[in-house]
Participant: 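Got a structure for you, written out below as structure tokens; questions coming shortly.
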Amino acid sequence: MSDDKKIEKLELMRHSTAHVMAEAVLQLFPGAKIAIGPSIENGFYYDFDLPRSITTEDLEKISDVMREIIKEKKDFVRTEVSKAEALNMFADQPYKLELINGLPEGEVISTYNQGGFTDLCRGPHVENSGQLNPQSFKLLSIAGAYWRGDESRPMLQRIYGTAWTNPKDLRMHLQHLEEMEKRDHRKLGKELDLFSLHEEAGPGLVYWHPKGARIRLAIEDFWRKEHYKNGYEMVYTPHVGKAWLWETSGHLDFYKEGMFNSMEMDASDYYAKPMNCPFHILIYNNTKRSYRELPCRWAELGTVYRYEKSGVLHGLMRVRGFTQDDAHIICTPEQMADEISETLRFSLFMLRSFGFTEFKAYLATKPTSGKSVGEQSKWDAAIESLRAAIEKEGLEYDVDEGGGAFYGPKIDLKIKDAMGRAWQLSTIQFDFNLPERFKMTFVDHDGKEKQPYVIHRALLGSIERFFGVLIEHFGGAFPVWLSPVQVCVIPVAAPFDDYAKKVASDLKEAGLRVEVDLSDLRMNAKIRNAQNQKIPYMLIIGEKEEEEKAVSVRLRTGKQTNGVPFADFLSMINEKIEKQELI
RNA sequence: GCCAGAAUAGCUCAGGGGUAGAGCAGCUCACUCGUAAUGAGCAGGUCAAGGGUUCGAAUCCCUUUUCUGGCUCCA
């Protein structure tokens with residue numbers, strides 16, 4: 001069977017399992033109202049309106065009933081009905097009635113019956129519940145979900161499940177979930193002492209511990225070096241600005257709910273910045289600009305503050321204060337296409353440097369409804385340049401028609417991490433709003449003042465989120481160029497402490513991040529600790545090493561090489577760091 | 001924000017109306033050890049915060065805070 005066929009079959013099974021679950025829930029909760037139940041990645045869910053909250057014990061009971069239903073080997077029978085018949089059939093199911101009434105005129109309405117349960121459903125389904133395996137699904141979690149995703153509508157109870165063709169695949173999936181739990185950046189952040197959050201000091205605000213800070217500095221140093229290489233300049237701007245700035249930029253009109261409340265000083269309102277753009281524009285507007293100066297590429301690791309709803313905060317991935325690896329490119333219309341193409345190339349280079357190899361681009365075009373700013377011709381040119389850049393890089397991409405912001409089209413880049421999960425990191429975005437609002441100009445060849453293009457871009461996105469993604473991608477075992485501790489020197493016993501200290505200080509002198517374990521633990525325990533800290537190199541130091549001026553190298557993989565001359569080790573590790581090897 | 005669950009030592013967790021528990025980490029002492037945990041001892045707590053019920057609350061109830069899983073996948 002081809003991969004596509006397999007996936008199709010899985011989707012049928014998952015969707016059908018959702019129907020079986022709905023039947024089971026209706027058996028256990030007569031009078032339950034059912035909403036929708038699609039197949040999703042790795043499984044399915046179904047939304048219910050129930051008289052009481054479901055508990056994890058209920059999931060067991062529901063699963064038992066589901067297994068009974070599957071064993072009865074009932075046919076899934078498709079029936080096409082008229083709208084009137086459908087309304088009649090689902091008279092006591094208000095959510096279904098809403099769906100039926102929402103269907104376009106002339107649409108074929110179909111139902112699927114599996115014996116004790118009939119659902120409004122487009123299908124298709126498996127032919128018989130006997131094609132489902134009672135041992136290869138599992139109900140995973142209960143969650144609240146708004147009817148039709150609309151927070152003004154009732155909150156339903158959603159049951160998530162996973163389903164596979166056979167028990168082995170289910171087991172593998174459950175193992176995969178366990179592995180993801182182990183790699184959770186919140187867990188590893190604690191275990192490796194990288195960062196913390198403090199509810200008493202404010203949720204969603206990140207504290208970088210010394211080891212986390214070392215990684216951040218390694219990232220930032222690399223980032224700055226590459227930006228200078230690629231023709232960027234660094235700027236620094238304030239963290240707060242007066243209301244005038246945010247009124248001019250439009251943030252107070254369009255983004256106020258996303259901002260921290262104002263603070264009053266000398267009868268003026270100041271706001272913490274939710275974005276860096278207006279500040280960069282003030283720098284631009286500081287003097288009259290010539291076409292000869294463009295493009296301006298100004299980058300800043302700019303820390304911004306945004307009010308995120310309390311329920312959406314999540315470790316480092318969604319926070320209220322974060323540092324964008326931001327830049328604004330201000331250029332002439334003639335330069336625009338090259339700038340976009342170059343920015344996309346640079347973005348891919350940066351992400352590949354951290355070991356990401358799979359990318360997908362999303363091109364978001366002009367909103368079809370509602371307001372948008374900027375002339376149509378500018379939108380067209382901008383979208384074309386974005387598309388051309390994606391195609392030049394040979395990236396797979398989807399077009400999100402109408403998905404752009406009101407102020408301009410954009411490319412979002414999603415990467416896949418080592419666990420196969422997608423994360424949106426980079427974004428390259430046109431802004432037709434700010435040049436207008438801040439009356440940005442440059443003097444062109446012909447002596448006339450013209451409006452420049454402003455391109456907003458972040459490659460890593462936010463340093464906090466990027467760090468979270470990196471932690472999970474590497475499972476905490478960072479490549480040596482990023483490791484907070486690159487080498488741990490371990491004397492086998494106290495008499496060799498002095499030589500161990502010498503080795504450590506020589507490595508430190510050479511610019512490496514080194515620790516030496518002089519505790520009175522046994523060597524085995526020291527190795528175990530270093531191993532748990534996922535330190536890439538352990539140097540074991542004893543009598544032989546001291547005599548030979550050598551080190552014994554143990555990798556965190558367990559591999560070891562004894563009697564390596566110190567100088568050889570130093571040049572080997574330096575080379576790996578220099579090349580940013582992703583071991 | 002909304003729905004559901006959770007909060008006990010620095011960490012991981014047990015307990016559950018009647019004197020607060022373990023392992024690890026920490027500290028002290030002994031051991032001086034060759035590739036994933038040496039041993040003994042000591043210390044560590046307003047059981048998230050506030051209120052209520054009770055002779056008595058960490059335990060039951062209410063409120064608040066924070067965290068977790070969701071609220072994107074469209075019959």
Side-chain angles (χ1 to χ4, degrees), chain A residues 11 14-15 18-19 22 34-47 49-50 52-56 58 86 90 93 95-100 102-103 107-112 119-123 125 140-160 181 184 186-187 190-191 193 196-204 257 307-315 422 490-497 519-533 538-545 552-556 558-562:
Chain A
E11 274 174 21
R14 287 168 180 161
H15 191 179
H19 278 222
I34 55 174
I36 57 171
S39 75
I40 54 174
E41 192 178 6
N42 299 327
F44 59 90
Y45 68 79
Y46 213 111
D47 286 346
D49 191 347
L50 299 171
R52 66 162 173 88
S53 294
I54 278 194
T55 64
T56 39
D58 291 325
F90 294 99
Q93 288 293 350
Y95 300 103
K96 294 295 179 191
L97 292 180
E98 185 177 330
L99 292 172
I100 296 164
L103 290 172
E107 174 99 355
V108 175
I109 300 179
S110 58
T111 65
Y112 276 80
D119 200 358
L120 177 73
C121 184
R122 180 190 295 143
H125 280 278
L140 294 174
S141 61
I142 306 151
Y146 296 110
W147 168 233
R148 307 205 116 178
D150 180 343
E151 63 183 7
S152 66
R153 310 296 302 270
M155 174 72 67
L156 307 173
Q157 296 191 65
R158 175 172 297 179
I159 302 176
Y160 280 99
E181 230 171 275
D184 190 310
R186 292 164 301 182
K187 191 173 152 75
K190 231 179 240 177
E191 286 170 7
D193 196 16
S196 57
L197 297 145
H198 298 266
E199 58 166 284
E200 68 279 22
E257 320 77 71
Y307 175 75
E308 298 285 351
K309 288 179 180 176
S310 59
V312 305
L313 299 175
H314 180 91
I490 298 174
V492 299
F496 313 106
D497 281 3
S519 66
D520 59 0
L521 291 172
R522 292 198 335 172
M523 179 203 62
N524 284 320
K526 293 182 185 182
I527 288 174
R528 184 184 150 86
N529 288 342
Q531 194 84 41
N532 286 338
Q533 287 296 302
M538 284 159 259
L539 299 187
I540 315 295
I541 300 294
E543 195 178 351
K544 275 177 263 169
E545 287 77 10
S552 285
V553 181
R554 184 193 161 100
L555 306 184
R556 59 190 160 193
K559 189 177 168 242
Q560 50 176 4
T561 320
N562 293 343

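Model, not experiment: these values are computed from the prediction. Convention: sequence-line order gives letters A, B, ...; per-chain numbering from 1.
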Participant: Contact class for A/Tyr160 vs. all strands (heavy atom < 4.0 Å): base, sugar-phosphate, or nothing?
Facilitator: sugar-phosphate
Participant: How would you label the contact of A/Ile540 with the nucleic acid (heavy atoms, under 4.0 Å): base, sugar-phosphate, or nothing?
Facilitator: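 If one applies the 4.0 Å heavy-atom cut-off, A/Ile540 turns out to touch a base.
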Participant: For A/Glu543, report the nucleic acid contact type (base, sugar-phosphate, nothing); a contact means any heavy atom under 4.0 Å.
Facilitator: base
Participant: When all nucleic acid strands are considered with a 4.0 Å heavy-atom cut-off, which category describes A/Ser53: base, sugar-phosphate, or nothing?
Facilitator: sugar-phosphate
Participant: C1' atom, B/rG10 versus B/rU64: distance in rounded Å?
Facilitator: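 About 26 Å, rounded to a whole number of Å.
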Participant: With a 4.0 Å cut-off on heavy atoms, is A/Val108 in touch with a base, just the backbone sugar-phosphate, or nothing at all?
Facilitator: base
Participant: Give A/Arg122 one of three labels, base, sugar-phosphate or nothing, depending on what nucleic acid heavy atoms sit under 4.0 Å from its own.
Facilitator: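 Counting heavy atoms under 4.0 Å across all strands, the contact made by A/Arg122 includes a base.
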Participant: Quick one: side-chain contact (heavy atoms from CB on, under 4.5 Å) partners of A/Gln157, sequence neighbours excluded?
Facilitator: A/Leu50, A/Ser53, A/Ile54, A/Ile142
Participant: Using the criterion of both pairing distances under 3.5 Å for Watson-Crick and G-U wobble pairs, give all stems of 3 or more consecutive pairs involving RNA chain B.
Facilitator: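 Paired runs of 3+ in RNA chain B: B:1-7 with B:65-71, B:10-13 with B:21-24, B:26-30 with B:38-42, B:48-52 with B:60-64.
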Participant: Any salt bridge (Lys or Arg N to Asp or Glu O under 4.0 Å) pairs touching residues 523-532 of chain A, not counting sequence neighbours?
Facilitator: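 Checked against salt bridge (Lys or Arg N to Asp or Glu O under 4.0 Å) - neighbours excluded - no pair reaches residues 523-532 of chain A.
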Participant: At 4.0 Å (heavy atoms only), tell me whether A/Leu140 reaches a base, stays on the sugar-phosphate, or touches nothing.
Facilitator: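 Answer is nothing: A/Leu140 stays at 4.0 Å or more from every strand.
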Participant: Sequence neighbours left out, what passes salt bridge (charged side-chain N to carboxylate O under 4.0 Å, His left out) with A/Glu151? Give chain and number order.
Facilitator: A/Lys309
Participant: Suppose you measure atom P in B/rU68 against the same atom in B/rC33; what distance do you get, rounded to whole Å?
Facilitator: 48 Å
Participant: Relative to each other, are the rings of A/His125 and A/His15 parallel, tilted or perpendicular (30° and 60° limits)?
Facilitator: tilted
Participant: So what does A/Lys544 hit on the nucleic acid, given a heavy-atom distance under 4.0 Å: a base, only sugar-phosphate, or nothing?
Facilitator: base
Participant: Run the ring pair (Phe, Tyr, Trp, His ring centres under 6.0 Å) test against A/Tyr46 and tell me which residues pass, sequence neighbours left out.
Facilitator: A/Phe48
Participant: Taking ring pair (Phe, Tyr, Trp, His ring centres under 6.0 Å) as the test, write out the residues that go with A/Phe90, two or more places apart.
Facilitator: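 For A/Phe90 there are no ring pair (Phe, Tyr, Trp, His ring centres under 6.0 Å) partners, ignoring immediate neighbours.
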Participant: Identify whether any heavy atom of A/Gly542 sits under 4.0 Å from a base atom; if not, whether one sits that close to sugar-phosphate; answer base, sugar-phosphate or nothing.
Facilitator: base
Participant: What nucleic acid atoms does A/Arg186 come within less than 4.0 Å of, heavy atoms only: base, sugar-phosphate, or nothing?
Facilitator: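 Counting heavy atoms under 4.0 Å across all strands, the contact made by A/Arg186 is with sugar-phosphate only.
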Participant: Apply ring pair (Phe, Tyr, Trp, His ring centres under 6.0 Å) to A/Tyr146 and list each qualifying residue two or more places apart in sequence or on a separate chain.
Facilitator: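 Checked A/Tyr146 against ring pair (Phe, Tyr, Trp, His ring centres under 6.0 Å); zero matches.
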Participant: Taking the basic N atoms (NZ, or NE/NH1/NH2) and the acidic carboxylate oxygens, is any pair closer than 4.0 Å for A/Asp58 and A/Arg52?
Facilitator: yes
Participant: With A/Lys187, which residues qualify under salt bridge (charged side-chain N to carboxylate O under 4.0 Å, His left out), at least two apart?
Facilitator: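 In terms of salt bridge (charged side-chain N to carboxylate O under 4.0 Å, His left out), with neighbours along the sequence ignored, A/Lys187 is linked to A/Glu191.
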Participant: Students often get this wrong, so: under 4.0 angstrom with heavy atoms, is A/Ala143 touching a base, only sugar-phosphate, or nothing?
Facilitator: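 A/Ala143: base contact, heavy atoms under 4.0 Å.
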Participant: What is the nucleic acid contact for A/Glu545, judged by heavy atoms within less than 4.0 Å: base, sugar-phosphate only, or nothing?
Facilitator: base
Participant: Applying a 4.0 Å non-hydrogen cut-off, can you work out what A/Met523 is touching in the nucleic acid: base, sugar-phosphate, or nothing?
Facilitator: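 Sugar-phosphate: the residue A/Met523, judged by heavy atoms under 4.0 Å, touches backbone atoms but no base.
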Participant: Salt bridge or not for A/Arg186 and A/Asp184, using N-O below 4.0 Å?
Facilitator: yes
Participant: Under 4.0 angstrom, heavy atoms only, what part of the nucleic acid is A/Asn532 near: base, sugar-phosphate, or nothing?
Facilitator: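 Base contact.
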Participant: Tell me, please, the opening and closing nucleotides of RNA chain B, 5' to 3', among those with an atom under 4.0 angstrom from a non-hydrogen atom of chain A.
Facilitator: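 Boundary nucleotides touching chain A, in 5' to 3' order, are B/rG1 to B/rA75.
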